[in-house]
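Worth knowing before you read on, the calculation uses all heavy atoms, side chains too, and leaves out hydrogens, waters and symmetry mates. Naming convention: chains lettered A, B, ... in sequence-line order (proteins, then strands); numbering from 1 in each chain.
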2 protein chains.
Amino acid sequence: MPRTEDFDREIVLAKARDLFWQKGYNGTSMRNLVEVTGLNRSSIYNSFGNKKAIYKTLLIQYQEENEKIYTNALVRASNPLEGIRFVFENFIEEIVKDSQGRGCFSINCKVELSREDESIRDYLEKMQEHRIEFFKGLVQEGQDAHLINAKQSASQYAYFLFCTFQGMRTTGMFLRNRDILLQIVHNGLGVLRRDS
Amino acid sequence: MPRTEDFDREIVLAKARDLFWQKGYNGTSMRNLVEVTGLNRSSIYNSFGNKKAIYKTLLIQYQEENEKIYTNALVRASNPLEGIRFVFENFIEEIVKDSQGRGCFSINCKVELSREDESIRDYLEKMQEHRIEFFKGLVQEGQDAHLINAKQSASQYAYFLFCTFQGMRTTGMFLRNRDILLQIVHNGLGVLRRDS
DNA sequence: TCTTTTATGAAACAAACATTCCAATTATAT
DNA sequence: ATATAATTGGAATGTTTGTTTCATAAAAGA
């Protein structure tokens with residue numbers, strides 16, 4: 001019975017995401033959103049809620065897509081250590097492709113909003129812990145298989161890997177040379193290598 | 001002859017910096033600035049310029065203070081490798097002290113404004129290169145003294161160190177456990193250690 | 001003390017902001 | 001074809017935005 005939405009949700013959300021990504025949350029106005037999506041104000045509010053709600057939708061969507069990048073990298077890998085390397089190499093490609101230096105959507109969100117918006121901080125804090133757990137699992141597997149040394153706990157190595165990841169994403173806003181980034185990863189992963 | 005300013009510049013700037021640090025550039029209004037400094041709007045404009053000008057003043061001031069943290073760490077060090085460690089340990093203390101998770105003022109600036117403000121991007125890009133050069137110099141000295149291995153160029157190690165630094169600052173917004181951070185640094189610096 | 005020069009206070013500015021309202025429209029299911 | 005229920009367009013909401021204006025106050029040198 002009802003009238004249906006007159007636009008492609010996916011396309012609209014992608015345009016909104018690119019806009020927020022470029023200008024940040026506070027730098028983006030509803031007017032900008034109207035212009036870039038081609039939707040009317042009412043349609044936006046009706047279909048996606050207010051500005052914060054749209055942004056949160058996009059943040060969650062971004063995290064879920066990133067989750068896939070993480071897990072897809074593992075499918076191709078023949079062991080946990082290689083899996084970790086593939087994950088990092090995937091993100092290097094993200095950085096190299098990002099010719100405008102927009103960085104990581106969720107790090108941008110963390111930096112801009114986590115201090116002032118408790119719900120966003122809680123969400124991102126959980127995601128950070130989740131990512132660290134992800135690395136921890138891989139390191140643990142690698143240690144069990146004697147591919148990764150056991151000088152430090154899997155947990156501690158996971159912190160180190162996550163830190164390297166966020167560092168590359170942030171540094172990568174101004175530094176998008178693939179070879180340099182690959183060497184950084186090589187150095188980071190060298191820490192895990194088994195004793196020879 | 002003229003009437004003099006009725007306030008302490010340093011105190012006013014410190015208050016403005018804390019405000020921008022907490023709320024970000026776009027999250028801060030002139031009204032907020034008036035409230036927190038206790039100055040009148042006209043006094044702010046008259047003495048410090050417009051919003052962007054104030055922010056840029058604070059950014060430059062922040063960078064200069066950070067520069068001192070870098071160089072002061074070296075004074076106490078007996079060799080370049082120890083110098084690098086001291087620099088990182090100093091920043092760990094900054095992170096641990098930062099109980100509200102405000103992060104690094106200049107990384108916050110980079111993430112929020114570098115895409116939209118060309119002059120800020122240029123400035124921060126130069127600063128990033130400057131910091132990398134700083135590390136490069138230390139690594140080179142360390143390699144010359146055979147305290148740091150020569151598996152990779154000083155320049156490449158400098159990128160790695162800078163990346164670790166930015167990673168710790170970003171990760172540290174949610175992770176302020178000194179021991180974990182010290183281990184991260186230990187792992188990072190382990191990459192440089194001479195071959196045994 | 002008087003003049004000069006600057007800082008200050010309060011009000012005013014237009015523009016931009018996020019959000020809401022309601023009438024008009026339109027797609028679907030009966 | 002018609003009734004239903006949601007989407008849409010456009011105007012209007014009242015705040016808040018950054019910045020300017022100008023008259024007043026006050027400090028310092030003569």
**Q** Assigning hydrophobic clusters by single linkage (Ile, Leu, Val, Met, Phe, Trp, Tyr; side-chain heavy-atom cutoff under 4.5 Å), is B/I44 placed with B/Y25?
**A** yes

**Q** Just the rounded figure in Å: distance from P of C/dT19 to CZ of A/R31.
**A** 16 Å

**Q** Between B/N32 and A/F7, who's closer to the 5' end of DNA chain D by nearest nucleotide?
**A**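 Mapping each residue to its closest nucleotide by heavy atoms, the 5'-most match is A/F7.
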
**Q** Where the side chain of A/S47 is defined as all heavy atoms beyond and including C-beta, which of D/dT8, D/dG18, C/dT20 is the nearest nucleotide?
**A** D/dT8

**Q** Please report the distance, rounded to the nearest Å, between NZ in B/K51 and P in D/dT16.
**A**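 Spelled out: NZ on B/K51 to P on D/dT16 is 15 Å.
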
**Q** Can you tell me which nucleotide in C/dT8, D/dT8, D/dG18 comes closest to the side chain of A/S42?
**A**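 Selected nucleotide: D/dT8.
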
**Q** Given the rule that I, L, V, M, F, W and Y join up when any side-chain heavy atoms are under 4.5 Å apart, are A/L181 and A/F174 in one cluster?
**A**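 No, because A/L181 and A/F174 fall into different hydrophobic clusters, even though each may have its own neighbours under 4.5 Å.
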
**Q** In whole angstroms, how far is the C1' atom of D/dT20 from the CZ atom of B/F48?
**A** 19 Å

**Q** Return the value, rounded to whole Å, for the distance between atom CG of B/N26 and atom P of C/dA18.
**A**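 That distance rounds to 11 Å.
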
**Q** Report the distance from atom CG of B/L39 to atom P of C/dT8, rounded to the nearest whole Å.
**A** 7 Å

**Q** Hey, which sits more toward the 5' end of DNA chain C by its nearest nucleotide, B/T4 or A/M30?
**A**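 Its nearest nucleotide lies further toward 5', so the answer is B/T4.
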
**Q** Has the side chain of B/R3 got a donor or acceptor that lies under 3.5 Å from a partner of the other kind on the base of C/dA7?
**A**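 Result: at least one qualifying N/O pair found.
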
**Q** May I have the distance from A/R9 (atom CZ) to D/dT8 (atom C1'), rounded to whole angstrom?
**A**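 In whole Å, D/dT8 C1' lies 15 Å from A/R9 CZ.
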
**Q** Rounding to an integer number of Å, can you tell me how far B/E5 CD sits from C/dG9 P?
**A** 13 Å

**Q** For B/V111, does its backbone N or O pair with a side-chain atom of A/N108 as donor and acceptor, under 3.5 Å?
**A** no

**Q** Is the phosphate of D/dT8, meaning OP1 or OP2, less than 4.0 Å from a side-chain N or O of A/S43?
**A** yes

**Q** For A/F135 and A/F88, take the angle between the two ring planes, folded into 0 to 90°, and tell me which bin it lands in: parallel under 30, tilted 30 to 60, perpendicular over 60.
**A**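 Because their plane-to-plane angle is under 30°, the rings of A/F135 and A/F88 count as parallel.
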
**Q** Let's see if you can work this out: which of C/dT8, D/dT19, D/dT17 has an atom nearest to the side-chain heavy atoms of B/R41?
**A**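 Nearest nucleotide to the side chain: D/dT19.
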
**Q** Looking at the side chain of A/N40, which of C/dT8, D/dG10, D/dT19 is the nearest nucleotide?
**A** D/dG10

**Q** Would one find more than 12 heavy atoms of other residues, nucleotides or ligands at under 6.0 Å from atom NZ of B/K52?
**A**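 Enclosed: over 12 neighbouring heavy atoms sit under 6.0 Å from NZ of B/K52.
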
**Q** If the cut-off is 4.0 Å, is A/N50 near the phosphate of C/dA18, judged by side-chain N/O to OP1 or OP2?
**A** no

**Q** How many Å lie between OH on B/Y45 and P on C/dA10, as a whole number?
**A**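 After rounding, the reported distance stands at 18 Å.
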
**Q** Counting only side-chain nitrogens and oxygens, does A/N46 get under 4.0 Å of the OP1 or OP2 atom of D/dT7?
**A** yes

